[in-house]
A.B. asks: 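Structure incoming, see below.
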Amino acid sequence: MIEKGQISGDWVLVVDDDAENLHRASRILSSGGLRSSCVRSGEDALRLLTRGGALPDLMLLDIHMPEPDGFETLARMRALPTLAAMPVIFLTAEEDSAAEIQALRAGAMDFIRKPFVPEVLLTRARHTIELTRLQNDLARQVEDKTRAVLEREERITRINAQVVHALAGAVDAKDAYTNGHAERVAKYAREIARRLGWDEERQKSVYMTGLLHDVGKIGIPDWIINKPEHLTDEEYAIIKTHPAKGGRILGNISEFPELAIGARWHHERWDGGGYPDGIAGEDIPAEARIIAVADAYDAMASRRSYRGVLPQEKIRAELERGKATQFDPEFADIMLQMMSEDTDYRMREE
């Protein structure tokens, strides 16, 4: 634990054209043990970031500055491979949520209102640094384990299940109303695959894919995921970015493409009305179609901030209604058969 006055190795770059804001942010970060650097323009920030050497762990970026403003600065950063993944929190004095939504869509991980509340600034800065570090560490572990599997020609069976579970657990931990969702979806998906007659290796593959189907939620702000009220259209649009984010996170594991497939396309619909790509029918990979049914079932069989676990008959009616529109009808029928056999309603959140 960092004691008061003790500086950690975590480095925050603050970009704001107001000298008083820079001074206040630096003082707050220092009081919480974070090292900071301050610059007064997007151009200065880009020069610092592209000069070579170590990069900050986090950037706090003001939206409204002389050219380039915060949005343009972030766009130029994202165009550079070395800066594409740097975590950014936007700073804003506006009360209008439109700017915040635009900031999140532009690739920021969060936003902080000005004038700064010290505890809010410190908490969000630390949380973003820790979450980014966890994501990067777990991604490296997955990649390292996958490489080892390829060397030994045991691609799926030798993937370290603990790493996959840890990454799935990191996603679950973001949602105050999620309790084992990824594990249940993975189990239901594996059982559907078994009943389809898939071999053991492919069953294991769809299980792993199910565990990581929501990994893109790592990139969604906690306040949206845990909002107790229904989401606005703008907030829902941000939630809908998680499949594409998940596909990008897992897409580098080229020898296990099912992971990225499940993450990217589990919200596509049989009738083509899903997202992010609007593909339909058998153009949607089978693994993603299986996870879509398992995911929808478990969402209904789990509690949410605005409701409890739904009754079995309500879930059955929703699955029947979604056959050949939302879901692959064959896979939906298998899920319905599993429900019929579950007379004690054990397939649910405990």
Side-chain angles (χ1 to χ4, degrees), residues 63 71 74 87-92 94-113 120 123-124 127-128 131 135 168-182 184-185 212-249 262-269 271-278 288 291-310 314-315 317-319 321-322 325-327 348-349:
I63 292 179
F71 294 121
L74 181 58
V88 172
I89 296 178
F90 268 128
L91 307 176
T92 178
E94 295 187 8
E95 294 294 332
D96 183 7
S97 63
E100 297 163 2
I101 298 299
Q102 184 180 356
L104 294 169
R105 286 178 171 173
M109 292 188 69
D110 208 340
F111 62 88
I112 298 174
R113 294 189 188 280
V120 171
T123 298
R124 293 193 175 183
H127 177 79
T128 301
L131 188 60
Q135 175 183 329
V171 178
D172 270 3
K174 283 178 66 69
D175 190 342
Y177 295 94
T178 295
N179 180 20
H181 170 70
R184 290 191 300 274
V185 169
L212 298 181
H213 74 283
D214 269 342
V215 71
K217 287 186 177 178
I218 281 180
I220 304 299
D222 292 358
W223 68 271
I224 292 181
I225 291 177
N226 292 304
K227 184 179 178 181
E229 304 88 8
H230 284 284
L231 299 176
T232 65
D233 290 343
E234 293 83 1
E235 291 162 351
Y236 184 54
I238 292 173
I239 283 284
K240 288 172 67 176
T241 66
H242 83 269
K245 290 178 185 288
R248 286 194 295 272
I249 289 171
R264 183 175 182 88
W265 288 314
H266 68 281
H267 280 294
E268 299 290 355
R269 290 173 55 102
D271 61 9
Y275 58 90
D277 300 311
I291 291 168
V293 175
D295 183 40
Y297 172 84
D298 190 66
M300 292 185 283
S302 303
R303 68 187 178 95
R304 291 294 183 265
S305 59
Y306 49 88
R307 63 156 172 81
V309 175
L310 295 181
K314 172 68 173 175
I315 299 175
E318 290 297 319
L319 290 179
R321 189 162 61 113
T325 55
Q326 183 174 354
F327 309 118
R348 54 180 288 176
E349 181 184 9

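Bear in mind the structure is a predicted one, so any value in this text is a computation, not a measurement.
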A.B. asks: Heavy atoms, side chains only, cut-off 4.5 Å: are M300 and K314 in contact?
C.D. replies: no

A.B. asks: Say you draw a straight line from CE of M109 to OG1 of T128; how long is it, rounded to the nearest 0.5 Å?
C.D. replies: 5.5 Å

A.B. asks: Any chance CZ of R321 has more than 12 other-residue heavy atoms, nucleotides or ligands included, within less than 6.0 Å?
C.D. replies: no

A.B. asks: Is there a side-chain contact between D214 and H266 in this structure, where contact means two heavy atoms from C-beta onward sitting under 4.5 Å apart?
C.D. replies: yes

A.B. asks: Could you go through D222 and H127, starting from their C-alpha distance and side-chain angles, then the distance that decides it, and tell me whether this counts as side chain to side chain donor-acceptor pair (under 3.5 Å)?
C.D. replies: CA-CA 10 Å; D222 292 358; H127 177 79; 3.0 Å; yes

A.B. asks: Run R264 and D277 through side chain to side chain contact (heavy atoms under 4.5 Å, CB included) and show every step you take.
C.D. replies: CA-CA 9 Å; R264 183 175 182 88; D277 300 311; 2.8 Å; yes

A.B. asks: So E234 and I238, side chain to side chain contact (heavy atoms under 4.5 Å, CB included) or not? Walk me through it.
C.D. replies: CA-CA 7 Å; E234 293 83 1; I238 292 173; 6.0 Å; no

A.B. asks: Using 0.5 Å steps for rounding, measure from the CZ atom of R348 to the CG atom of L310.
C.D. replies: 10.0 Å

A.B. asks: Return yes if some donor-acceptor pair links the side-chain N/O of E235 with the main-chain N/O of I224 below 3.5 Å, else return no.
C.D. replies: no

A.B. asks: Got a second to check how far L91's CG is from F111's CZ, nearest 0.5 Å?
C.D. replies: 11.5 Å

A.B. asks: If you take all heavy atoms of R303 and V309, which pair is closest and at what distance?
C.D. replies: N-CG2, 3.8 Å

A.B. asks: Looking at CD of Q326 and CG of D271, how far apart are the two atoms once the value is rounded to the nearest 0.5 Å?
C.D. replies: 8.5 Å

A.B. asks: Using 0.5 Å steps for rounding, measure from the CD1 atom of I249 to the NZ atom of K217.
C.D. replies: 13.0 Å

A.B. asks: Can any side-chain N or O of R307 pair as donor or acceptor with the backbone N or O of S302 at less than 3.5 Å?
C.D. replies: yes

A.B. asks: Any chance you could lay out the side chain to side chain contact (heavy atoms under 4.5 Å, CB included) test for F327 and Y297, step after step, and finish with the verdict?
C.D. replies: CA-CA 11 Å; F327 309 118; Y297 172 84; over 6 Å; no

A.B. asks: Using the six-membered ring wherever Trp is involved, compare the ring planes of H267 and Y275 and label them parallel, tilted or perpendicular (cut-offs 30° and 60°).
C.D. replies: parallel

A.B. asks: Would you say that I239 contacts I225 through its side chain, given a criterion of any heavy-atom pair below 4.5 Å between the two side chains?
C.D. replies: yes

A.B. asks: Does a side-chain heavy-atom distance below 4.5 Å link K245 with I220?
C.D. replies: yes

A.B. asks: Determine, stepwise, if the pair F90 / L74 fulfils side chain to side chain contact (heavy atoms under 4.5 Å, CB included).
C.D. replies: CA-CA 10 Å; F90 268 128; L74 181 58; 3.8 Å; yes

A.B. asks: Once you round to the nearest 0.5 Å, how far does CD1 of I218 lie from CD of Q135?
C.D. replies: 5.0 Å

A.B. asks: Minimum heavy-atom separation for G247 to A263, with atom names?
C.D. replies: N-CB, 3.9 Å

